[in-house]
Amino acid sequence: MKLHNIAIAAVSALALGACSDYLDVEAPSQKLPEEAFKSEADANTALNGVYAHLLSGDTYGEKLLTIYTLNSDVDFAIQNGHYVATNGYRRFECDPDAGEIYKAWSQFYAAIEAANIFIDQMENSDLITDLETHATYEQMLGEAKVIRAMNYHDLIWMFGDVPMSLVPSYKAPTMVYPVTDRAEILKALIADLEEIAPKMTSAAVLGDCDRISKEMAWAMIGRLSLTAAGYTLRPEGSSYGKMERMNPDSYTQYYETARNYCDSVISSGSFTIANQLYHEVFTNECNGVLANGQDVIFEIPFGTESTGSIGYIHGPKMDASDGTTPHNWGAASSSAQLNAFYRFSFAEGDMRRDFVNQLWYYTSGNVATIINDNTKGRTIYNGKWSKLWVNAGLGPKTTGSTGINYPYMRYTDVLLMYAEAVNECENGVAGKNGDKAIEALRQVRERAFRLSSVKDENGNEAADSPYAVNTGKYVDEAAQTQESFRKAVLDERKWEFAGENMRWRDLVRHNLLAENTFWNFWRYFAVAEDQGSTSMELEDVSRHDFGVDNFYDSSVFPIQVYYKNDVKNGSSAAATYPEWRFPNQTVKVVEIHNAYKALSASEGALLKVSTANFFEWFDDNKGFPQDYFCYSLRGYMYCDYELTGRVYINRNGIYTAAPEPATLDAASLPVVRYILPYPRNVIARSNGQYVNQYGY
């Protein structure tokens with residue numbers, strides 16, 4: 001089955017007839033059940049239709065990577081609205097009338113319905129007389145079950161407990177499926193995949209990573225299990241809820257399940273990250289290269305110029321004039337942006353830092369321009385994917401629908417899930433599987449620093465090289481305690497998965513979202529405040545982030561940046577950005593000399609280039625930080641500069657004075673209401689059976 005140009009399969013989705021609103025479904029299959037799957041070609045066409053539901057811009061094609069990737073210390077959307085927004089998802093506020101959540105809800109259930117129909121038809125088709133002897137059909141069945149699990153998993157992350165059915169609507173006893181506890185949904189999905197996974201085809205035999213393999217099923221069990229083992233926001237009366245383990249009595253068993261199935265992927269030997277640099281994972285996707293057996297276990301196969309906005313919502317922004325650009329790559333919105341402070345969390349020598357954090361954009365006249373001129377660095381462009389990485393370009397009039405694939409599951413994720421699971425269920429990494437968990441973390445770390453390897457005169461790794469310090473020494477120190485190893489794994493996930501809708505979920509699983517959001521507010525606000533007047537909280541933020549009092553001082557922090565705009569990449573040794581840092585070697589770039597540290601005036605004078613002041617976030621007219629730094633986390637924390645000038649925090653819908661950073665007790669922080677409400681029209685059509693909680 002060829003899926004890479006799956007746009008064609010969107011038509012075949014109609015063969016399954018999955019309705020956009022399951023509550024309206026009467027008989028969604030346009031073929032009667034007894035007429036389905038008379039041949040392998042029939043089944044293949046129908047399965048393409050199930051895959052086609054992954055391509056929607058309301059979910060995997062765009063929205064899950066933009067408006068539903070909630071603000072954290074990695075991914076961030078800056079906003080300046082003073083008042084409660086109906087669709088401020090990223091800043092933790094919305095209401096049931098928000099149109100986007102209804103579209104996402106409908107699309108998830110359309111995909112689930114398509115998968116349910118396919119599974120039912122496959123299991124009951126006359127074509128399959130003995131399922132145990134039909135490897136082709138077992139493989140197809142497994143693919144549909146994994147797609148169903150993907151959609152349910154991401155649905156419960158957004159909405160918590162949701163309606164569930166594993167049968168097509170024409171067989172369901174009611175069109176209003178009962179709301180099912182998320183723990184029960186995950187339990188059922190795990191059991192479903194455990195049953196089918198052994199019958200599926202291995203990635204080595206299947207060939208293409210844009211198809212779901214046995215290893216992808218195993219990895220999905222691992223992801224489902226980690227979610228089931230972690231914390232979640234549960235309803236509690238009329239409040240915003242309470243954070244608790246999803247399965248308080250059995251969470252270690254779910255960690256064991258995650259450990260075992262991730263170990264199955266690792267032990268299969270089907271994947272490796274030893275032969276691929278970090279940036280190549282994403283440039284391969286931009287150029288349609290299916291790098292089988294390397295980092296990507298499964299990537300969603302979008303169709304060129306028809307589906308998917310990967311690379312349009314990422315990479316340096318590219319402006320157009322009258323719908324066209326003076327180059328062959330077309331416009332890019334670059335709306336999936338990163339926290340302005342994210343880049344400072346990386347260790348020196350980590351090649352992910354300069355590749356992911358891009359600090360300039362292109363004007364409609366194709367001038368490479370530092371971001372300071374219009375945003376003052378409020379957020380940073382995510383360079384992980386970019387239309388610019390497409391070798392021949394997509395055309396000067398193109399916008400979205402890039403057709404660039406998205407890696408839903410990577411081997412790196414499996415390695416880090418395994419390391420986390422071992423640490424949690426074996427009380428650290430001193431036990432049976434500890435060495436293997438340490439090695440899993442080490443593999444990810446070593447790839448990140450591979451190009452910073454420095455040899456001494458004897459050809460051995462220099463003890464003080466970035467590679468040695470940040471791989472061997474770093475991992476060994478992290479393995480000393482369960483707590484330090486847990487932090488190291490979570491940090492590695494932070495640096496590895498920017499833009500992949502991972503960070504806020506990882507924080508929720510470990511009950512760290514409230515603390516992370518608290519410090520996110522103060523980091524932005526205190527730096528903004530300090531640009532106009534002394535911030536009393538800036539030292540507290542500095543100590544929290546880096547263990548020193550003065551990181552955000554002008555002598556350390558690069559408030560003044562030395563740069564040169566519009567330099568031809570490769571025109572001189574000083575101006576060359578290597579491929580791992582900026583893969584397009586044919587365009588002009590902005591040469592930045594101190595993106596990560598301050599330079600003295602004398603050092604800067606020697607560069608003979610322009611200067612720009614980043615982080616000029618203070619409004620001199622108001623005598624206060626700009627609105628962006630008061631309201632970008634409005635649903636949890638904000639500063640009311642107009643009335644009181646005080647910072648408030650949301651406790652179950654009532655804003656009270658926020659704790660001071662210097663005296664913070666993280667356990668006393670209120671919950672973050674990250675779970676979205678059921679859409680209003682879904683509640684209406686349920687005839688009162690669905691009720692919003694969490695204070696909605």
Side-chain angles (χ1 to χ4, degrees), residues 1-20 44-69 100 103-115 118 143-144 146-148 150-151 154 208-212 216 282-290 296 298-315 318 329-336 382 384-390 392-395 397-409 499-501:
M1 178 173 64
K2 185 62 176 175
L3 293 170
H4 195 54
N5 293 316
I6 201 171
I8 300 171
V11 177
S12 71
L14 297 176
L16 292 170
C19 181
S20 62
N44 191 67
T45 298
L47 181 58
N48 268 333
V50 179
Y51 271 95
H53 282 281
L54 297 176
L55 311 185
S56 170
D58 290 319
T59 53
Y60 301 103
E62 179 178 344
K63 297 298 175 60
L64 283 185
L65 303 180
T66 51
I67 64 174
Y68 303 125
T69 298
E100 290 90 347
K103 292 177 183 178
W105 175 284
S106 300
Q107 181 53 45
F108 278 128
Y109 278 107
I112 290 165
E113 173 72 358
F118 179 88
E143 291 175 73
V146 171
I147 291 173
R148 179 170 67 185
M150 290 166 55
N151 280 273
D154 294 324
D208 289 343
C209 58
D210 60 357
R211 284 193 64 184
I212 292 170
M216 170 55 187
F282 311 102
T283 55
N284 280 338
E285 288 174 322
C286 291
N287 286 289
V289 177
L290 295 180
V296 177
F298 171 61
E299 57 185 42
I300 296 175
F302 294 104
T304 303
E305 297 184 21
S306 60
T307 54
S309 291
I310 311 303
Y312 173 71
I313 58 176
H314 307 93
M318 295 187 286
W329 286 276
S333 70
S334 306
S335 54
N382 182 351
K384 187 171 280 186
W385 301 271
S386 174
K387 294 170 73 175
L388 280 169
W389 310 158
V390 180
L394 294 175
K397 294 184 179 296
T398 60
T399 54
S401 299
T402 62
I404 296 172
N405 287 0
Y406 171 71
Y408 186 85
M409 185 71 71
E500 297 182 49
N501 202 5

Rounded to the nearest 0.5 Å, how far apart are [atom1] of [X] and [atom2] of [Y]?
{"X": "Met409", "Y": "Cys209", "atom1": "CE", "atom2": "SG", "answer": "13.5 Å"}
{"X": "Met216", "Y": "Glu299", "atom1": "CE", "atom2": "CD", "answer": "11.5 Å"}
{"X": "Asn287", "Y": "Ile404", "atom1": "CG", "atom2": "CD1", "answer": "8.0 Å"}
{"X": "Met150", "Y": "Leu54", "atom1": "CE", "atom2": "CG", "answer": "5.0 Å"}
{"X": "Phe302", "Y": "Ser309", "atom1": "CZ", "atom2": "OG", "answer": "8.5 Å"}
{"X": "Tyr60", "Y": "Thr307", "atom1": "OH", "atom2": "OG1", "answer": "15.0 Å"}

Practice task
Can you label the angle between the Tyr406 ring and the Trp385 ring as parallel, tilted or perpendicular, going by 30° and 60°?
Solution key: tilted
Nearest heavy-atom pair of [X] and [Y]: which atoms, and what distance?
{"X": "Gly395", "Y": "Thr398", "value": "O-OG1, 2.8 Å"}
{"X": "Ile313", "Y": "Ser333", "value": "CA-OG, 3.7 Å"}
{"X": "Arg148", "Y": "Ala115", "value": "CB-CB, 3.8 Å"}
{"X": "Ala332", "Y": "Gly311", "value": "CB-O, 4.4 Å"}
{"X": "Glu500", "Y": "Pro407", "value": "OE1-O, 4.0 Å"}
{"X": "Tyr51", "Y": "Glu143", "value": "OH-OE1, 2.5 Å"}

Handout entry: side-chain contact (heavy atoms from CB on, under 4.5 Å) partners of Thr59, counting only residues at least two apart
Key = Ser56, Leu64, Gln107, Phe108
Problem - Non-neighbouring partners of Thr283 that pass side-chain contact (heavy atoms from CB on, under 4.5 Å), sequence neighbours left out - result: His279, Glu280, Trp389, Pro583
Donor-acceptor contact present, side-chain [X] to main-chain [Y], <3.5 Å:
{"X": "Asn382", "Y": "Gly315", "result": "no"}
{"X": "Thr402", "Y": "Ile310", "result": "yes"}
{"X": "Asp208", "Y": "Asp210", "result": "no"}
{"X": "Lys63", "Y": "Lys103", "result": "no"}

Exercise for the section: Check the pair Tyr68, Asp154 against side chain to side chain donor-acceptor pair (under 3.5 Å), reporting the backbone distance first and the verdict last. Expected result: CA-CA 11 Å; Tyr68 303 125; Asp154 294 324; over 6 Å; no
Exercise for the section: Evaluate the side-chain proximity of Ile67 to Glu100: yes if any heavy-atom separation is below 4.5 Å, no if none is. Expected result: yes
Problem - Side chain proximity check, His53 to Asn151, heavy atoms < 4.5 angstrom - result: no
